[in-house]
Engineer: 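Structure below; questions to follow.
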Amino acid sequence: MSASPSNFIRDIIVEDLKTGRYNRVHTRFPPEPNGYLHIGHAKAICLSFGLAAEFGGQTNLRFDDTNPSKEDLEYVQSIIEDVSWMGFDWEDRLFYASDYFDQLYEWAVQLIKAGKAYVDDLSADEIRQYRGTLTQPGKESPYRKRPVEENLQLFERMRAGEFPDGSRTLRAKIDMASPNLNMRDPVIYRILHAEHHRTGAKWCIYPMYDFAHGQSDSIEKITHSICTLEFEDHRPLYNWFVEQLGIFHPRQIEFDRLNLTYTLMSKRKLLALVEKGLVRGWDDPRMPTLAGIRRRGYTPQAIRNFVTAIGVSKTNGMIELAMLEHFIREDLNKRALRVMGVLHPLRVVIDNYPEGQAEEMNAINNPEDESAGSRKVPFSRVLYIEQDDFRENPPKQFYRLSPGREVRLRYGYFITCTGVVKNDAGEVVEVHCTYDPATRGGNAPDGRKVKSTIHWVSAAHALDAEVRLYENLFTTEDPNDVPEGQDFTANLNPNSLQVLTHCKLEPSLAHATAGSRYQFERLGYFSVDPDSKAGQPVFNRTVALKDTWQKIEKRSAASPLKTTS
RNA sequence: UGGGCGGUCGACUAAUGGUAGGUCAAGUGCCUUUGGAGCACUUUGUCUAGGUUCGAAUCCUAGCCGCCCAGCCA
């Protein structure tokens, strides 16, 4: 693996180590358990864990669970599973912001005593009005000058549950005229009579993100707190709290979020897809969630390679999905066993092959990996080939089977098409061929060449399977780019899932286990879906193989210059 | 409009005052028992205008464009 290129975060860390600002590197990955992790989080995970590892440091996993109304145990479990699946280890350092609620409360009291925080009786609406706008300064709350003692009592009573939700807040006393809205006396505690998935009914006031995050970092002695760009405006506040409190001062560094074409990366919208039943769940193979792409057949290694390749900066860009697909192909090309499977079967009868005969052909499991060995594939008189591999009237550059033409059956024989059988609708339903017994295994002793090699499955031995083909979930590069008055679901691709039944697979796949990945030769990479039952395998297409022929076809369709052939 | 942050091939990203390079995509050729993989080659780029300098993607000035912020979400 080539050394990853330099990036600005690494530069900052190197500098901090050199100047002595820190003498170690300790990062954290701080998800809120309010949804499943997605490929964008994978970037953050790789960054935080990767950078720390590079400098011999450590990384904590910490759940930012300060809002009980949105969070759930299901999400914490999925996150734990996903981060470990990615191959990262937080050892015994699994934390929760809720572990720090007592400390956070004490720090709030400390701020009140220092005259740096006050209990406000303004309603949410009033607070908004008092905040001012982007261009106009805010106004100070009439409660801003409350005496320390009164604030202390009120805050204690808030904690004791004497007040209803939303009736009061604790605010930091900073500057209502700051051009940074985050500094206009931000709310730091709100009343929420909600059961927390970890602390139960112990609390009815909960700290806001800004009051919890930096201090949690501080408690854990995090040196470099890496987060996404939208928190840049929060950094002054992050710093303000640790400075006012006089506690360990981590450094927040912001980087650009991952955006992928044809992909939605908002937990809120992903949740909507799940809740509206527009996908089959968080782990639907069309979802950009780690659970989804794992089920789709992606490997952690491919994702890590991808993240390394895209780098990190502060520019808002959008990465082409093709880049991700390249890395899964690259990884699977090295490790996936090759098998033959026919998705759209077309019957082929080899007229001069003895009826009732079957032989075992030798097939290589992975040409990229000699240690993968070989297997036997049964051959007989009636086979299935791919419908796309036969054309009665072949266009230019179509090298596959057509009347009078000879092709190679992979690991089988050379066959020549002698005729077709059509149904009443005039569609070819069966192809007749002769084979050359001298070409067993796929080589002609006379040295004659054949333009193409196609895959096949013996009809008598074939394993029936369901295969799920996926296209992009959205039809537009940016799913958020919607016509006036519509939402992102308007861009949903109606063809994102195509279920094929009665696909024909070589019998070696009979005992394939859920999660295992294969290359179906000439088609793509497929993985066994957990929906599979004994004798009824279900495969997901992870990604298709690159397809030069499809490209040629598309091009000639686009330029109808030479319709004659 | 106030503030913050950005703008390098089609996409992503290096070059940290000294040869604008890499990956993906696209294209061409070679090779091939996968029209896969591999190999070779090719096209395309420093937002604009000034300035500093022997020399600027990099420093300065002024513009232009894009993203983020007015939750008691994170």
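Hydrogens, waters and symmetry mates play no part in the numbers below; they use all other heavy atoms, side chains included. Here is the naming used below: chain letters follow the sequence lines, and residue numbers restart at 1 for every chain.
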Engineer: Name all pairs fulfilling the salt bridge (charged side-chain N to carboxylate O under 4.0 Å, His left out) condition that reach into residues 166-184 of chain A, sequence neighbours left out, sorted by first residue then second.
Structural biologist: Asp120(A)-Arg171(A), Asp121(A)-Arg168(A)

Engineer: Pick base, sugar-phosphate or nothing for Val450(A), based on heavy-atom distances below 4.0 Å to the nucleic acid.
Structural biologist: nothing

Engineer: Represent RNA chain B in dot-bracket notation, 5' to 3'. Only Watson-Crick or G-U wobble pairs with both distances under 3.5 Å count; pseudoknot-style crossings use [ ] and interstrand partners use |.
Structural biologist: .((((((..((((....[..)))).(((((.......)))))....(((((..]....))))))))))).....

Engineer: Applying ring-ring contact (aromatic ring centres under 6.0 Å, His included), name anything that partners Tyr525(A), two or more places apart in sequence or on another chain.
Structural biologist: none

Engineer: Please work out if Phe398(A) contacts a base, only the sugar-phosphate, or nothing of the nucleic acid, heavy-atom cut-off 4.0 Å.
Structural biologist: base

Engineer: Sugar-phosphate atoms are those with a prime plus P, OP1 and OP2; base atoms are the rest. Using that split, label each nucleotide of nucleotides 19-30 of chain B B, S or - for protein heavy atoms under 4.0 Å, 5' to 3'.
Structural biologist: ----BSSSS---

Engineer: Each nucleotide in nucleotides 66-72 of chain B should get exactly one letter: B, S or -. Can you fill that in based on protein heavy atoms under 4.0 Å?
Structural biologist: -SBBBSB

Engineer: When rounded to the nearest 0.5 angstrom, what distance separates CD1 in Ile328(A) from OG1 in Thr299(A)?
Structural biologist: 4.0 Å

Engineer: Using the ring of each side chain (for Trp, its six-membered ring), is Tyr206(A) parallel, tilted or perpendicular to His196(A), with breaks at 30° and 60°?
Structural biologist: parallel

Engineer: Please report the distance, rounded to the nearest Å, between CD1 in Ile319(A) and P in rG10(B).
Structural biologist: 17 Å

Engineer: Near RNA chain B, counting only heavy atoms under 4.0 Å, which residues of residues 405-416 of chain A show up?
Structural biologist: Arg408(A), Arg410(A), Tyr411(A)

Engineer: With a 4.0 Å cutoff (strictly under), does any side-chain N or O of Thr315(A) reach OP1 or OP2 of rU13(B)?
Structural biologist: yes

Engineer: Which part of the nucleic acid, if any, lies within reach of Pro367(A) when heavy atoms closer than 4.0 Å are counted: base, sugar-phosphate only, or nothing?
Structural biologist: base

